[in-house]
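Have a look at the structure below before the remarks.
In what follows, every chain begins at residue 1, and chains take the letters A, B, ... in the order their sequences are listed.
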Amino acid sequence: MIDAQPPALPQEFLPRTDEPTPDLAVATRGLTKAYGRQVALTGLDMSVPTGKVYGFLGPNGSGKTTALRLLTGLLRPNAGTISLFGTPYTWHDRTRLFKVGSLIETPSFYPYLSGAENLHVLAASGPPTDLRRIDQVLQYVGMSGRAKSPVQTYSLGMKQRLGIAAAMLSDPELLLLDEPANGLDPGGMVAMRETLRYFTAELGKTVIISSHLLHEVEMLADVVGIIDHGRLIREGPLADLLDSAGRVRVRVAPDDMTKAAAVLRDLAPDRPLYGVDSGEGVGWFTVGVAPARAAELNQALAAAGVYASGLEPGSDLESIFLDLTGRTGNVAAPPDTRGPTAEAGPPAMGQT
Amino acid sequence: MRLIRAELLKARRRSATWILLVVALALTALIYLLIGRSIGGVGCDISFGGLDESCIVEFPASYALIDQFAFTTLGGLLAIVYAAAFVGADWNWGVLRNVIARGESRARYLLAKAAGLSIVLLIGCAIIFFFALAMTLLTALTHGIPIASPLRGNGLVDLVTNFGLGYLVVLERAALGFAVAVVLRSQLAGAVVGIVLYLGEGIITTYLTFTAVARYFGDSGGFGDGALQLVGPEWFQYLPMTVGNQVLSWAPGVAGNIAAGGLQGIFLRPVPLEQALPALLIYLFVAIGVSIVSLNRQEIV
């Protein structure tokens with residue numbers, strides 16, 4: 001059957017006791033936060049290396065935004081510690097945030113002020129900010145042309161761009177961006193990616209980007225942390241993560257899905273198996289075997305009378321994310337072809 | 001200063017600022033138009049306790065209406081609403097988290113907001129005050145009532161004292177609306193609760209005034225020598241809204257004019273200025289203090 005339960009925590013993700021070091025822009029140890037009886041974070045141990053893009057991933061309600069709010073002093077933790085650039089940070093160390101720029105949740109501005117005026121009033125708070133920086137950041141995010149229009153006339157994507165500009169206003173060492181791609185058009189997403197790449201690669205700054213858009217994070221992040229139920233369940237360089245999770249994607253006819261699932265499960269009995277009927281006459285499986293075993297896999301399918309019409313390396317962030325969080329993805333198959341996939345059933349919206 | 005300038009920019013650009021100012025000016029003009037229609041006499045006889053209609057357009061007695069209108073009834077109410085909108089909008093629009101996340105001091109931010117608000121109110125009060133002065137002169141001229149200049153005798157001192165005391169009253173009321181909005185984290189809730197407090201205290205003190213007067217009559221068996229302002233000062237005259245009226249009751253042109261004080265002015269002796277003014281300032285600073293403590297404790301979500 002398709003795995004529905006989150007895997008047990010590997011040994012290396014049990015609570016960390018090591019001290020944060022200066023090469024970590026952000027380190028949290030045992031960070032815990034509850035809203036009344038609702039626990040949002042339960043001992044978050046995250047380590048964000050300086051000068052990297054850190055992809056902070058997790059399902060809805062997993063605690064991502066709460067963690068970012070704690071990092072920016074909006075909330076007080078119930079327990080645990082936060083370190084910024086190697087030194088402890090507490091609720092009252094507000095000036096430490098002078099090195100941090102953030103976009104938390106939705107971008108919020110005075111609707112009756114223009115984009116430039118909003119940045120102007122924002123620049124009056126926090127760290128001393130050169131007002132010439134306003135034009136610069138507006139240019140970074142491609143908003144110079146609409147800088148004088150009231151924010152209430154902006155689309156969601158434009159507000160999002162302005163939010164990113166606001167986060168970059170004081171030339172911070174650390175950028176925290178919560179779902180920055182929300183509402184951005186493809187051009188905007190590419191521009192954001194390039195800007196953030198420049199920010200880290202050329203300027204040596206650090207970016208934490210929380211997103212549901214796994215493909216976007218995969219293209220951008222150097223390091224990822226996956227959070228679920230308020231706890232970090234996986235963290236490490238993205239490349240290592242992708243390498244460690246060997247997968248092959250197999251394309252078969254929908255009618256063959258049941259037969260194929262049995263063969264594939266035999267090949268990797270300890271790894272989760274995902275099946276997707278694309279609904280366009282094609283069924284896809286993602287099977288947990290190293291791409292080097294693709295030929296063996298093809299041979300086994302052929303021996304069972306199933307002919308794969310496609311085989312490709314299948315390790316991607318999405319499959320790793322689904323593995324780790326126990327979410328099943330779009331596992332749906334027509335009633336007559338539901339074999340092994342049927343046990344998992346279609347995903348509920350609330351599950352993903 | 002950067003923060004205060006930013007607050008002034010926000011206030012200048014915000015339509016609520018201009019709408020409330022226009023409303024205040026329109027109502028002021030309207031009230032003088034109505035007064036003009038009702039004036040029959042020629043000259044103010046203050047010995048009648050300021051109840052003579054002509055007194056309302058003849059200086060210095062006319063300050064009574066100007067002060068009442070610009071600073072207590074209309075001005076005070078608008079100040080509560082505006083202050084709640086001024087500070088509460090930061091929660092409604094979610095912009096507060098931008099500021100806090102940049103490392104700005106919560107106390108400094110609120111103090112800058114309060115300073116910005118006080119400047120905006122100073123300008124607003126001045127506009128309404130001088131507009132009411134102009135309307136007074138215009139109404140007097142229109143009805144052939146001899147114009148007594150607002151600057152005659154102690155004129156300039158009277159003018160400054162009236163404005164100064166009135167502005168303090170407006171500030172105190174605004175501070176109360178400000179504090180309510182910060183504690184409730186909402187401009188609408190701040191304005192509504194502020195108005196309820198304002199009206200509620202008015203209703204309660206009216207009832208308490210009747211009770212005090214009834215108690216006096218019960219004790220003395222009647223009006224005695226027929227003099228007014230027999231009772232008090234009573235404890236409820238120190239309540240946050242009422243104490244402002246007490247301060248203004250000592251303003252030149254208002255003092256001794258029992259018509260200016262409404263029901264309380266007729267029946268109750270005013271709280272001495274040396275008590276009323278400190279009480280007003282205490283309310284003002286406590287309201288700001290409560291706002292700062294509240295914001296410092298708040299989690300911004």
Let me confirm one number: the [atom1]-[atom2] distance from [X] to [Y], rounded to the nearest 0.5 Å.
X        : Y        : atom1 : atom2 : answer
B:Arg14  : A:Tyr110 : CZ    : OH    : 9.0 Å
A:Arg69  : B:Ile100 : CZ    : CD1   : 14.0 Å
A:His120 : B:Lys10  : NE2   : NZ    : 11.0 Å
B:Leu9   : A:Leu113 : CG    : CG    : 5.5 Å
A:Lys33  : B:Glu299 : NZ    : CD    : 3.0 Å

Just so I understand: if I count every heavy-atom pair under 4.5 Å between each of [options] and chain B, which residue has the most?
options                                : value
A:Pro150, A:Gly73, A:Pro127            : A:Pro127
A:Ile104, A:Asp93, A:Thr95             : A:Ile104
A:Ser170, A:Ser102, A:Gly101, A:Pro172 : A:Ser170
A:Arg76, A:Glu105, A:Lys99, A:Arg96    : A:Arg76

Counting only heavy atoms not in [X] (residues, nucleotides, ligands), do more than 12 fall under 6.0 Å from its [atom1]?
X        : atom1 : answer
A:Tyr198 : OH    : no
A:Lys52  : NZ    : no
B:Trp18  : CH2   : no

For A:Thr129, is it the side chain, the backbone, both or neither that has a heavy atom under 4.5 Å from a heavy atom of chain B?
both
Whatever's closer than 4.5 Å to a heavy atom in chain B on A:Thr65 counts as neither
With a 4.5 angstrom heavy-atom cut-off, which part of B:Asn296 approaches chain A: side chain, backbone, both or neither?
backbone
Looking at chain A, which one of B:Ser105, B:Gly94, B:Ala112 has the largest number of heavy-atom pairs inside 4.5 Å, strictly under?
B:Ser105
Tell me, out of B:Arg102, B:Glu7, B:Arg13, B:Glu104, who's got the most heavy-atom pairs with chain A below 4.5 Å.
B:Arg102
Under 3.5 Å: donor-acceptor pair, side chain of B:Arg97, backbone of A:Leu74:
no
So do the side chains of B:Trp93 and A:Pro111 get within less than 4.5 Å of each other, counting heavy atoms only?
yes
Should A:Leu75 and B:Val301 be marked as a side chain to side chain contact (heavy atoms under 4.5 Å, CB included) after you check the CA-CA gap, both sets of side-chain angles, and the distance that decides it?
CA-CA 8 Å; A:Leu75 300 178; B:Val301 291; 3.7 Å; yes
